Amino acid sequence: MGKNILLGITGGIAAYKAASLASSLSKKGHSVFPVMTASACEFISPLTFRTLTNNPVEVDMFTPPERHEVKHISLADKADLAIIAPATANFMAKLARGIADDLLSTIIMATRAKVLIAPAMNVNMYQDASFQKNLAILQERGFTIIEPESGPLACGYEGKGRMVEPEILARKALASLTVKDLADLSFLITAGPTREPLDPVRYLSNYSSGKMGYALAERAVARGAEVTLISGPTALSPVGGAENILIEKAAEMQKAVRKELAQHDIIIMAAAVSDFRPHSIKEEKIKKDQQKLTELELERNPDILTEVQKLKNSNQVLVGFAAESSDILVKGREKYQRKKPEILVVNDISQQEIGFQADSNAGWLLVQDEEIKISQRSKVAFAEVILDEIKQHTISRGG
Ligand code: PMT
């Protein structure tokens, strides 16, 4: 369910990055309430935030609220989380010393929600002794500081002071809002396609984008689990907070899975592993001077899931995937009986908007005799249902 996130923007050039943050949190279904200081409005227009969040942007303490309420208290009370990004040295000094002389500083003083602070400033200001003292006070008082990065700064200097990128902030914000109900579990997740080289320039593969496996890894990390992701080639960024192992061929995925297997409680195999690979990889590029190519000999790749099912111990939970385009349940059930994972996720890949490459998925979870239908939803929401079921399964087995 969407949460209420108060986004405080103070006056620094990194204010433009807060726009991406507002947009990404809103897109994830949260209500973002922007509050800007007067100097933030010199860098970016309130209209930008109004448009991205669909909520009123508060700047002034004394403009009458839409309903009769004490503005700073109502905003402070309704926030499930507050983020200040960017946070200037001046604003942080006010927070540390208890000065509440504008709307944002009064709200932050009044709120009981968790507050994330993303500082952004010149490197010398960041290193200044008085700033460092204020930083220590804020940390001691329980504010979560998202440390700035080092690199070229807008002021022309080089060093620590650049606000972290909005995607990282969004991830940290979402993680703060999430209950850490998988904290005791360690996950091994496979994702994406494998690539089987034919010659130096060509390969056999499939349409898997990795989105489903990465969504599982991201949500498991957010819910506190330890995660190792073994991924074939995708266009996705590594999952923050997880160990990311990148492979290409099925044989490499098999090797990585074997190496990792013993260290994990839950193994989820969402990868679309190529079933076949060329018998031999041509050293030279295959010539196209013939009308037909008939010499391509393929051999079976190892079935990693079947191997894991045999190697794992009885406490480990194995979750397989099946991609089916017709007679989905019948074929899924047959695969469940043949491969014997504890849970099988059967994807319906009959339509373009679900399954391979799409942002959504739909299908069934097979757990012993039970068939749980999952209607169409985003892959992130689909991942949550799978993780809920795994948690339930682990609890009922006394894990
Ligand atoms: O990556 P996306 O674009 O988000 O798409 C997601 C997905 C549709 C690829 C994914 O959700 C999915 O269904 N993955 C499994 C697809 C597949 O290869 O199904 P399968 O029926 O061929 O394999 C069944 C299971 O055996 C899978 O868990 C697979 O990882 C495993 N397998 C298959 C072949 C093989 N050689 N080794 C395996 O371990």
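Counting convention: from 1, in listed order, for ligands and their atoms alike. Keep in mind the model is a prediction, meaning the values are calculated, not measured.
For K335 and E324, the salt-bridge test passes: some basic side-chain N is under 4.0 Å from an acidic carboxylate O. Using a 4.0 Å cut-off between charged side-chain N and carboxylate O, R223 and D181 make a salt bridge. Ion pair K160/E147 flagged as a salt bridge, since at least one NZ, NE, NH1 or NH2 atom sits closer than 4.0 Å to an Asp/Glu carboxylate oxygen. Salt-bridge check for D303 with K310: failed, with every basic side-chain N at 4.0 Å or more from each acidic carboxylate O.
Residue contacts with ligand 1: E307 is excluded, as none of its non-hydrogen atoms falls under 4.0 Å. Heavy-atom separations between N347 and ligand 1 include at least one value shorter than 4.0 Å. The closest approach between a heavy atom of A358 and any atom of ligand 1 is not below 4.0 Å. Ligand 1 has K339 within reach: a non-hydrogen atom of the residue lies less than 4.0 Å from it. Ligand 1 has no atom lying under 4.0 Å from any heavy atom of A250.
Among protein heavy atoms, the minimum distance from atom 18 (O) of ligand 1 is reached at A272 CA, 3.5 Å.
Looking at L305 next to ligand 1, an N or O pair under 3.5 Å apart turns up. Distances between N or O atoms of G320 and those of ligand 1 include no value under 3.5 Å. The shortest N/O to N/O separation between N361 and ligand 1 does not fall below 3.5 Å.
Less than 4.0 angstrom separates some heavy atom of I304 from each of these atoms of ligand 1: 37 (N), 38 (C), 39 (O).
Of all the heavy atoms of P302, the ones lying under 4.0 Å from any atom of ligand 1 belong exclusively to the backbone. The proximity of D275 to ligand 1, defined as any non-hydrogen pair under 4.0 Å, is limited to the side chain.
Here CG of N347 is found 8.5 Å from CD1 of I354. Values are rounded to the nearest 0.5 Å.
At a threshold of 4.5 Å between non-hydrogen side-chain atoms, the residues Y126 and Q132 count as touching.
Here the shortest heavy-atom distance to atom 15 (C) of ligand 1, taken over A271, G355, A323, belongs to A271.
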